[in-house]
Structures are given as C-alpha cells and as structure tokens.
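Only one structure is covered here, and it is reproduced in the block below.
Since we're looking at a predicted model, the values are computed, not measured.
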Amino acid sequence: PVHPLKMTKTLHGLLVSVSEELPDVPLYHSLPAICSTVNSSTIPRKSFNAALVNAGYRVSAYHKDPGAVKTDAPNHVVWDVVRGWCK
C-alpha cells in the first residue's frame with residue numbers, strides 16, 4: 001500500500017495545480033497536438049504563455065495534461081502564436 005504521507009503530497013500538488021487554473025475558462029489547448037497539426041516542434045510552454053500574456057490574454061496550466069494550457073485568448077490568436085513559432 002501507498003504510505004499516507006506520500007499520497008498527501010500528491011494530492012496537495014494536484015489541488016495547488018487546480019487552484020492555479022483559470023476558473024472561467026472551460027476548455028484547454030494541447031500544445032503538442034496543435035504543433036503536430038502544422039508539422040512543427042512543440043513550442044515551449046513558457047514562450048507560448050509569454051506571447052499570450054504580452055498580447056493581453058490570461059493563460060494557465062491545465063492540471064491533467066502537462067503540455068496543455070487554458071487561456072481566454074480566441075482560437076485565432078492561439079493559431080497566430082503557433083504560426084509565429086513555425087517561422
């Protein structure tokens with residue numbers, strides 16, 4: 001069986017991750033999936049986040065997928081950032 005203290009740390013990490021997500025954004029974008037659509041390497045999440053924040057949008061991680069982000073940016077802005085990364 002799993003030691004209770006180890007499970008406590010895991011649950012704490014999950015709850016912290018969930019609490020840092022944007023609560024009013026129901027959907028997320030998977031960066032590896034988006035980048036594979038345009039046959040590109042995956043944009044680093046830090047760079048992607050910085051581009052959206054500099055454009056005036058909010059962005060956060062998604063607790064269930066380490067390569068995914070939640071943002072209030074419209075889809076066309078997300079794709080503009082990915083296209084910019086491909087150039």
- Would you please name every residue forming a side chain to side chain donor-acceptor pair (under 3.5 Å) with H29, sequence neighbours left out?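 Side chain to side chain donor-acceptor pair (under 3.5 Å) list for H29, sorted by chain: empty.
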
- Message: Just verifying a value: how many Å separate L27 CG and T71 OG1, rounded to the nearest 0.5 Å?
- Response: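 The OG1 atom of T71 is 11.5 Å from CG of L27, to the nearest 0.5 Å.
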
Considering only distance and modelled atom types, tabulate donor-acceptor pairs under 3.5 Å from the side chains of residues 8-22, sequence neighbours left out.
residue	atom	partner	partner atom	Å
T8	OG1	P4	O	2.8
T10	OG1	K6	O	3.1
S19	OG	L15	O	3.4
S19	OG	V16	O	2.8
E21	OE1	K70	NZ	3.2
E21	OE2	H63	N	2.6
E21	OE2	H63	ND1	2.5

- Message: Checking one residue: Y57. Which other hydrophobic residues are in its cluster under the side-chain 4.5 Å linking rule?
- Response: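 Traced through the cluster, Y57 reaches L31, I34, V38, I43, F48, L52, V53, V59, V69, V77, V78, W79, V81, V82, W85.
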
